[in-house]
Number of protein chains: 2
Amino acid sequence: MKRDSRLSGVLHVLLHMAQQPGPFTSETLAKAMDTNPVVIRRIMAGLREIGYVRSEKGHGGGWTIACDLSKVTLRDVYAALGNPPLLAMGNRTEAPGCLVEQAVNAALDQAFDDAEALLLARLGEVTLAMLGEDLRKRLGSRKHQGMKAHRA
Amino acid sequence: MKRDSRLSGVLHVLLHMAQQPGPFTSETLAKAMDTNPVVIRRIMAGLREIGYVRSEKGHGGGWTIACDLSKVTLRDVYAALGNPPLLAMGNRTEAPGCLVEQAVNAALDQAFDDAEALLLARLGEVTLAMLGEDLRKRLGSRKHQGMKAHRA
DNA sequence: TTTCATGTAACTTTATATGTTACATGAAAA
DNA sequence: TTTTCATGTAACATATAAAGTTACATGAAA
């Protein structure tokens, strides 16, 4: 399976947008992310439906943040993407008649569920505002370590 | 990506083998698992190299368990598979120059690393012997709940 | 020497994320 | 009104990885 990077991607977009007033076109964002405008629209669609961002057509149109960044967590963003699978591994069969498989599933599910729960909890602890704050720190210390260009 | 079920599969095989003395041919095991003999050989290869199982060619050949089931954990089995990816999600770019992406990666990595560590820890708590014990309990209570056929 | 079983390479299939093209929709500007 | 710009979305293409399949070499027992 290819690794899912949509959460990573959409957070990148949001954080970029939070740095300056919008709106931003999908094309602008796509260039910054080195990808395709349609990919941007795709990962933003869920956030628009929930109301975290807004989009406008036509001249001067594009994407705008429409939420309180201190109220939205990474977990909320993940949910807006449609709760895609977190774990790369799973059971062979979900509701097996075979008792052997049931025993295996029970053991694995316990571990899997714990890990998923922890991951979601951790994501729920971080707001977009906190991410922005961390970024500001990084931007501040940048000039002290060689002014590496901001690629995007 | 397709969900990886090799750990689930190989545990199923081991638990089956633990129920009665071997050896078992790949074909027998494949039928029990409703899959292909080559798939069995493939997921068993790593375990053979580490010495958890043995394989013999020719008449009377097949697979045999060659380890102390109370000493091998699910984590050990996972490692024998070659430590395949645990998480379905990841960062867009691993070592980005973009500070925005660095900030995103830092936040996500913390959550990802914690979840992975917990998952591995949980797998490390369960031995194959414990799995077998759980299975024996399930086999015992089976007759009290309708004798559902053992599919495999 | 025949039969059986593993070992493995090569290929096919399937699932899923990502990338791309094409075009409809609607809004602002000319 | 017409043109331009931007999103919305379907359809198709590509990439990656697991799982399934075929074919054949290797080696052991009958």
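Numbered from 1 within each chain, the chains take letters A, B, ... in sequence-line order.
Within residues 111-119 of chain B, no residue approaches DNA chain C, by heavy-atom distance under 4.0 Å. Contacts with DNA chain C (heavy atom under 4.0 Å) in residues 51-58 of chain A: A:Lys57, A:Gly58, listed by number.
Minimum atom distance to the side chain of A:Thr25 is reached by D:dA6, of the listed D:dA19, C:dT6, D:dA6.
Hydrophobic clustering, with ILVMFWY side chains joined whenever heavy atoms are under 4.5 angstrom apart, groups B:Met130 together with B:Val72.
For the pair B:Arg3 and C:dA15, the criterion of a side-chain N or O lying under 4.0 Å from OP1 or OP2 is not met. A sub-4.0 Å separation between OP1 or OP2 of D:dA6 and a side-chain N or O of A:Ser26 is absent.
At the heavy-atom level, B:Gly60 lies nowhere under 4.0 Å from the strands shown.
D:dT9: Watson-Crick or G-U partner is C:dA22, with both key distances under 3.5 Å.
Residue-to-nucleotide proximity on DNA chain C shows that, of A:His59 and A:Asp34, the 5′-proximal contact is made by A:Asp34.
With hydrogens and angles ignored, no donor-acceptor pair under 3.5 angstrom links the side chain of A:Arg48 to the base of D:dG8. The base of D:dG20 lies close enough to the side chain of B:Arg42 for a donor and an acceptor atom to sit less than 3.5 Å apart.
The pair B:Lys31-B:Glu27 meets the salt-bridge criterion, since a charged nitrogen lies less than 4.0 angstrom from a carboxylate oxygen.
Between A:Thr73 and A:Gly124, the closest heavy-atom pair is CG2-O, 3.2 Å.
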